[in-house]
Amino acid sequence: MNPDKPIFVTQPAMPPLAEFIPYLEKIWEGKILTNGGPYHQQLEQALCDYLGVEHLALFNNGTIALLTALQALGVSGEVITTPYSFVATAHSLLWNGLTPVFVDVDPVTLNLDPARIEAAITARTSAIMPVHVYGHPCDVAAIDAIARRHGLKVIYDAAHAFGVRVPGGSLLNHGDLSVLSFHATKVFNTFEGGAIVCHDAAMKRYVDQLKNFGFVDEVTVVVPGINGKMSEINAAFGLLQLQHVDTALARRAQIDAYYRQHLQNVDGIRCLPVPPRSTANHGYFPILVERGFPIGRDALYQRLKDNGIYARRYFYPLISDFPMYRNEPSARRENLPVAAAAADSVLCLPIYPGLSAGDQARVVELIQESRP
Ligand code: T4K
């Protein structure tokens with residue numbers, strides 16, 4: 001390892017630049033830069049085929065896609081969600097004037113715990129927004145059943161769940177809508193980008209209207225929409241990325257296996273289990289630094305950092321601890337003990353296709369050799 005070269009938690013996989021030039025030449029020729037151009041249309045179809053979903057609407061990022069998904073379903077009042085996520089999940093609720101109701105997570109998956117959802121439902125609840133955190137599937141069967149029983153909408157924040165399959169097909173086919181992120185830090189990136197996965201053509205049409213200011217034709221605006229469109233450059237890049245994504249996923253799987261093999265017997269380090277009965281995309285490699293490890297989580301974070309390795313504490317602080325959320329009654333830490341313990345012990349190790357074997361070994365050694 002080169003000690004002067006920092007190792008970040010992730011690094012985007014980039015195709016050879018030469019392969020992108022022909023796409024750019026086409027854009028320069030055609031002068032269509034955005035507003036549902038040819039690359040945009042091709043990428044929507046290519047992603048439907050690759051992911052195994054019926055309909056998908058591209059967006060300029062995952063956050064705008066989350067905002068739009070809530071609009072598309074007409075969600076109002078309270079929304080049950082997880083405190084253990086990136087802050088965009090709950091921000092999308094506040095931006096829609098909705099009240100987040102935080103419910104604790106399952107101790108094994110760190111996803112919203114279905115056993116705790118029903119106690120949080122009130123007359124004002126209209127939806128559930130779970131997150132497939134680290135791409136590990138939520139208990140979709142239980143959540144979908146609760147939603148049906150209570151007449152609630154389900155919007156999965158699937159920002160981490162690109163390509164994940166469960167028995168029966170794509171994980172993204174669950175709930176009313178699923179939202180993807182194609183940010184630079186994700187397993188499949190279009191620099192910035194995102195998508196809403198939906199199940200019928202009418203919903204896809206409506207989402208397309210919402211992401212284009214509400215236009216249905218040149219002179220007709222039917223809803224107060226937003227500008228959520230993905231540009232042609234991003235869409236073209238996505239098409240190229242798609243050709244390389246399987247190689248990138250395979251490489252991530254190798255790194256995941258290496259970390260598991262070398263960390264499984266380290267006292268006080270717990271790797272999250274590989275989800276049973278689903279494919280994984282290995283977007284993140286979280287470890288929990290627990291009692292029994294010679295130093296605390298923050299000391300390990302610092303030790304790695306001092307050695308040029310920038311692991312990240314995803315997801316600490318809990319969303320419910322941020323100032324705009326902490327006064328919600330559901331945000332009390334006593335209400336969220338499992339999420340709080342995870343936030344205080346989690347550390348995401350570097351994982352990305354370009355991470356060398358030497359750098360992986362260095363990460364493992366620094367953990368194994370930690371002393372007070
Ligand atoms: N829901 C969930 C569950 C999410 O995790 C996210 C995003 C969203 C919704 C919203 O989707 P988007 O609107 O973003 O599409 C990063 C990402 O910015 C964010 O997209 C992601 N989740 C979150 C988990 O992580 P930061 O603030 O930690 O990113 P940053 O800039 O510190 O990047 C981490 C490391 O990655 C850097 O140290 C270096 C490396 N990096 C980063 C970028 C941006 C690169 O090598 N190249 C790059 O271009 O939030």
Side-chain angles (χ1 to χ4, degrees), residues 5-14 57-70 79 81-96 100 102 105 109-112 129-138 155-162 164 171-172 175 177-197 211 226-231 234 237-238 241 248 252 281-286 301 304-305 308-319 322 339 342-343 346-355 359:
K5 188 181 120 279
I7 299 173
F8 296 111
V9 67
T10 190
Q11 186 178 74
M14 303 290 282
L58 288 171
F59 275 79
N60 46 8
N61 62 59
T63 303
I64 298 288
L66 281 172
L67 294 178
T68 307
L70 290 160
V79 179
T81 191
T82 170
Y84 191 78
S85 180
F86 188 60
V87 72
T89 308
H91 279 0
S92 73
L93 302 175
L94 285 198
W95 270 62
N96 273 292
F102 297 107
V105 298
T109 62
L110 305 183
N111 286 326
L112 199 57
M129 183 181 274
V131 179
H132 302 299
V133 78
Y134 311 129
H136 296 183
C138 291
I155 301 112
Y156 282 106
D157 179 338
H160 302 175
F162 183 88
V164 175
L171 177 61
L172 306 171
L177 299 173
S178 290
V179 175
L180 289 161
S181 165
F182 305 146
H183 182 259
T185 54
K186 299 293 187 277
V187 294
F188 170 81
N189 87 78
T190 56
F191 281 51
E192 290 269 5
I196 296 181
V197 171
K211 82 175 188 193
I226 198 166
N227 182 355
K229 293 169 275 112
M230 178 182 274
S231 87
N234 300 97
F237 191 72
Q241 287 287 63
R252 285 176 174 278
N281 65 21
H282 311 288
Y284 296 85
F285 195 89
Y301 164 82
L304 292 170
K305 199 170 182 176
I309 295 162
Y310 293 79
R312 292 292 290 266
R313 290 163 288 190
Y314 295 136
F315 288 101
Y316 165 85
L318 288 180
I319 297 178
F322 288 120
V346 73
L347 195 58
C348 284
L349 302 181
I351 186 165
Y352 52 89
L355 187 68
D359 287 345

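Indexing begins at 1, ligand by ligand and atom by atom, following the structure's order.
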Closest protein heavy atom (residue, atom, distance) for atom 27 (O) of ligand 1: Arg312 NH2, 3.9 Å
With a 4.0 Å cut-off on heavy atoms, does Gly193 reach ligand 1? yes
Identify the closest protein heavy atom to atom 21 (C) of ligand 1: which residue and atom is it, and at what distance? Lys186 NZ, 2.9 Å
For atom 13 (O) of ligand 1, grab the closest protein heavy atom and report residue, atom and distance to one decimal in Å. Thr63 OG1, 2.6 Å
Check whether any heavy atom of Ser85 sits under 4.0 Å from an atom of ligand 1. yes
Quick one: does ligand 1 sit under 4.0 Å from the side chain of Glu192, the backbone, both or neither, non-hydrogen atoms only? neither
On a heavy-atom basis, which atom in Ile196 and which in Ala65 lie closest, and how many Å separate them? CD1-O, 3.3 Å
How close do Arg313 and Val346 get, counting heavy atoms only, and between which atoms? CG-O, 3.7 Å
Hey, does the side chain of Lys211 reach the backbone of Leu58 with a donor-acceptor pair shorter than 3.5 angstrom? yes
Mind checking whether Tyr134 and His160 have parallel, tilted or perpendicular rings, split at 30° and 60°? parallel
Looking only at protein heavy atoms, identify the closest one to atom 9 (C) of ligand 1 and say how far it is in Å. Asp157 OD2, 3.5 Å
Considering only protein heavy atoms, which is closest to atom 29 (O) of ligand 1, and at what distance to one decimal place? Tyr314 OH, 4.1 Å
Taking every non-hydrogen atom, the tightest pair across Tyr156 and Pro130: CE2-CG, 3.4 Å
Below 4.0 angstrom, counting only protein heavy atoms, does anything approach atom 31 (O) of ligand 1? no
Which bit of Thr10 is near ligand 1, meaning a heavy atom under 4.0 Å away: side chain, backbone, both or neither? both
To the nearest 0.1 Å, how far is atom 35 (C) of ligand 1 from its closest protein heavy atom, and which atom is that? Val9 CG1, 3.9 Å
Residue and atom name of the nearest protein heavy atom (relative to atom 49 (O) of ligand 1), distance in Å to one decimal: Ala184 CB, 3.5 Å
I'd like the name of whichever of Met129, Met14, His183, His91 reaches closest to atom 44 (C) of ligand 1 through any heavy atom. His183
For atom 4 (C) of ligand 1, the closest protein heavy atom turns out to be Phe86 CB, 3.5 Å
Under 3.5 Å between any N/O of Tyr284 and any N/O of ligand 1: does that happen in this structure? no
Just heavy atoms, cut-off under 4.0 Å: does Thr185 contact ligand 1 by side chain, backbone, both, or neither? side chain
Enumerated ligand 1 atoms positioned under 4.0 Å from heavy atoms of Ala88: 8 (C), 9 (C), 10 (C)
Residue part near ligand 1, for Tyr310, under 4.0 Å between non-hydrogen atoms: neither
